[in-house]
Engineer: 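Sending over a structure as structure tokens; questions will come in a sec.
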There are 2 protein chains.
Amino acid sequence: MKKDATNHVKTRNPGAAEKRSTKEPVAPLPPISVGLLPNLLGYNVRRAQIALWRDLIRSLGERKVRPAVFSLLVLAEANHGIAQIQLANQLDVDKATIVGLIDRLQKQKWVTRKQSTVDRRRQGIYLTALGKRELEKLKRTMIEHEARFTRLFSADELMQLIGFLRRIHP
Amino acid sequence: MKKDATNHVKTRNPGAAEKRSTKEPVAPLPPISVGLLPNLLGYNVRRAQIALWRDLIRSLGERKVRPAVFSLLVLAEANHGIAQIQLANQLDVDKATIVGLIDRLQKQKWVTRKQSTVDRRRQGIYLTALGKRELEKLKRTMIEHEARFTRLFSADELMQLIGFLRRIHP
DNA sequence: TATTGTTATACTCTATAACTATA
DNA sequence: TATAGTTATAGAGTATAACAATA
């Protein structure tokens, strides 16, 4: 029923006004009070994240890549042969989750696993040539997506905002 | 494997240093480069949201209430007899999702449904006396949770931050 | 005994589609 | 014909637990 949702996070509404802009219905829904919600930091962060997330999903949509995969590819590119446990630690997800993501990426031939010679428990992750090319495209998509939001802020404001957010996730 | 996770969102790590603080392992994991991730607005919002979400889950934990339910109760309290479709619009989730949440709350005797006399399609939502009492407790929990994060900011900074976030989710 | 990777399983949150009853 | 609510189903994202190989 919700329009643009492709994800577990609820749909942001660029059309919040839709309902109100149509002809006045017979028994209109009365306006509601939103209570204390808008003053809560957590509520606002959550709503912002949902707005960003949905835009990102829409942007990545055609590429069938999910946000987590993008982060993973960026890390893999910056760290040739990174161990899966390191990806898990850095992205703050369980290692079992990483295995699933890598499995898919490997099937797509975007990454390969190669056993480490230093510690044979480790399966180093390497981007393939295809993976690198695709990541470059993804980065462009990501930059466009970011721009749609960062342009809401001056350079100073953006620095401030990111600084604030880092205090929350130290 | 991840410690405090009770949720689909990945675990924030107050113990990120754990791995490094133990005795130096035989073949230590090499330090990694995080690439461009920390400069992305979306990445930082997501990480902040996860940190807040996990703390909230932990705080609400014993009460077996989820964050979405809290918002719903606040709205129901501020709007006696609110229609489920209004809850869905305000919280930006599908109406089918709201039905599920209300079903549980009704089983717990925290809310009741009552058919509207104005428009009999509507099932107005009302907090029970029990629901009101529980919500008061929840609010205290929520305030403590919020305080753990808002104290990271001065009053001015907090106003600024919330203002920034509202630009992102208009 | 601890760690890396793996498999199998299950849970939370949410959406989609089709339906009923009312309007 | 449209809207509020409902039901049934599915999917994304993630965790947990148990295990093998290696350290």
Side-chain angles (χ1 to χ4, degrees), chain A residues 1-11 18-19 22-23 25-29 46 50 53-54 57 60 64-69 71-72 82-89 91-104 106 113-125, chain B residues 1-11 18-19 22-23 25-29 46 50 53-54 57 60 64-69 71-72 82-89 91-104 106 113-125:
Chain A
M1 205 87 207
K2 281 281 173 180
K3 40 267 152 186
D4 63 351
T6 333
N7 186 262
H8 74 103
V9 186
K10 308 92 30 101
T11 150
E18 281 162 12
K19 305 274 186 314
T22 54
K23 188 172 37 162
V26 204
L29 292 163
R46 180 160 166 70
I50 290 171
W53 184 264
R54 285 181 183 156
I57 293 284
L60 294 175
K64 303 201 188 193
V65 170
R66 313 297 300 187
V69 168
S71 302
L72 194 158
I82 190 172
Q84 289 169 73
I85 189 73
Q86 289 179 295
L87 290 168
N89 289 341
L91 297 176
D92 209 1
V93 295
D94 191 86
K95 56 196 164 86
T97 304
I98 297 292
V99 171
L101 296 176
I102 299 285
D103 280 352
R104 263 194 289 147
Q106 198 172 27
R113 287 175 163 102
K114 209 172 77 186
Q115 193 179 45
S116 163
T117 50
V118 178
D119 181 341
R120 283 178 309 167
R121 288 172 304 183
R122 293 187 205 150
Q123 297 286 331
I125 303 303
Chain B
M1 204 87 206
K2 282 280 172 182
K3 41 267 151 185
D4 64 350
T6 331
N7 186 260
H8 74 105
V9 185
K10 307 92 31 94
T11 152
E18 279 163 12
K19 306 272 189 312
T22 54
K23 189 173 35 160
V26 205
L29 292 162
R46 179 160 167 71
I50 290 170
W53 183 265
R54 284 179 184 158
I57 293 283
L60 294 174
K64 303 201 186 191
V65 170
R66 315 296 300 187
V69 168
S71 302
L72 194 158
I82 189 172
Q84 288 168 73
I85 188 75
Q86 288 179 294
L87 290 168
N89 289 342
L91 297 175
D92 209 1
V93 294
D94 192 86
K95 57 196 164 88
T97 304
I98 297 292
V99 170
L101 296 176
I102 298 285
D103 280 353
R104 264 195 289 149
Q106 198 171 29
R113 287 175 163 103
K114 210 172 77 183
Q115 193 179 44
S116 163
T117 51
V118 178
D119 181 341
R120 284 178 308 168
R121 288 172 304 183
R122 293 186 205 151
Q123 297 287 333
I125 302 303

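Each chain gets a letter, A, B and so on, in the order the sequences are listed, and its residues count up from 1.
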Engineer: Please tell me if Arg66(A) has a side-chain N or O lying less than 4.0 Å from either OP1 or OP2 of dG13(D).
Structural biologist: yes
Engineer: Counting the atoms with a prime plus P, OP1 and OP2 as sugar-phosphate, which does Ala83(B) contact under 4.0 Å by heavy atoms, base, sugar-phosphate, or nothing?
Structural biologist: sugar-phosphate
Engineer: By nearest heavy atom, map Ile102(B) and Leu101(A) onto DNA chain D; which one lands nearer the 5' end?
Structural biologist: Ile102(B)
Engineer: Between dA15(D), dA21(D), dT16(C), which nucleotide has the shortest distance from any of its atoms to the side chain of Asp94(A)?
Structural biologist: dA15(D)
Engineer: Quick one: Ile85(A) CD1 to dA21(D) C1', roughly how many Å, whole number?
Structural biologist: 15 Å
Engineer: Ignoring hydrogens and angles, does a donor from either the side chain of Arg121(B) or the base of dT3(D) sit under 3.5 Å from an acceptor on the other?
Structural biologist: yes
Engineer: How many whole angstroms separate atom CD of Gln115(A) from atom P of dT22(D)?
Structural biologist: 7 Å
Engineer: Ignoring the backbone of Lys95(B), work out which of dG5(D), dC13(C), dT16(C) is nearest its side chain.
Structural biologist: dG5(D)
Engineer: Do you know which two heavy atoms are closest between Gln115(A) and Arg120(A), and how far apart they sit?
Structural biologist: NE2-O, 2.8 Å
Engineer: Report the distance from atom CG of Asn89(B) to atom C1' of dA15(C), rounded to the nearest whole Å.
Structural biologist: 15 Å
Engineer: Looking at Gln84(A), does any N or O in its side chain come under 4.0 Å of the phosphate oxygens OP1/OP2 on dT6(C)?
Structural biologist: yes
Engineer: Return no unless some side-chain N or O of Arg120(B) is found under 4.0 Å from OP1 or OP2 of dA23(C).
Structural biologist: yes
Engineer: Gln106(A): which residues meet the side chain to side chain donor-acceptor pair (under 3.5 Å) condition with it, sequence neighbours left out?
Structural biologist: Arg113(A)
Engineer: A side-chain contact here means heavy atoms from C-beta on lying under 4.5 Å apart; do Leu87(A) and Ile102(A) qualify?
Structural biologist: yes
Engineer: The side chain of Arg46(A) is closest to which nucleotide in this list: dT4(C), dG5(D), dC13(C)?
Structural biologist: dC13(C)
Engineer: Rounded to whole Å, how long is the line connecting atom CD of Gln123(A) with atom C1' of dT7(C)?
Structural biologist: 15 Å
Engineer: Consider the side chain of Val93(B), meaning its heavy atoms from C-beta on, and name the nucleotide among dT7(C), dA23(D), dA15(C) that approaches it most closely.
Structural biologist: dA15(C)
Engineer: Atom CG of Leu29(B) and atom C1' of dT4(C): how far apart are they, to the nearest Å?
Structural biologist: 9 Å
Engineer: Would you mind reporting whether Gln84(A) and Lys95(A) have side-chain heavy atoms less than 4.5 Å apart?
Structural biologist: no
Engineer: If you pin Gln86(B) and Ala96(A) to their nearest nucleotides in DNA chain D, which one's is more 5'?
Structural biologist: Gln86(B)
Engineer: Can you find a side chain N or O atom of Arg113(B) that sits less than 4.0 Å from OP1 or OP2 on dT6(D)?
Structural biologist: yes
Engineer: Identify which nucleotide among dG5(C), dT22(D), dC13(C) has an atom closest to any side-chain atom of Arg104(B), counting heavy atoms from C-beta outward.
Structural biologist: dC13(C)
Engineer: Rounded to the Å, how far apart are Ile98(A) CD1 and dG13(D) P?
Structural biologist: 13 Å
Engineer: Taking 4.0 Å as the cut-off, does a side-chain nitrogen or oxygen of Thr97(A) come that near to OP1 or OP2 on dG13(D)?
Structural biologist: no
Engineer: Heavy atoms, side chains only, cut-off 4.5 Å: are Leu29(A) and Arg122(B) in contact?
Structural biologist: yes
Engineer: Measure from CG on Leu87(B) to P on dG5(D) and round the result to the nearest Å.
Structural biologist: 9 Å
Engineer: Rounding to a whole Å, what distance do you find between Leu72(A):CG and dG5(C):P?
Structural biologist: 12 Å
Engineer: Please give me the minimum heavy-atom distance between Pro67(B) and Leu60(B), naming the atom from each residue.
Structural biologist: N-CD1, 4.0 Å
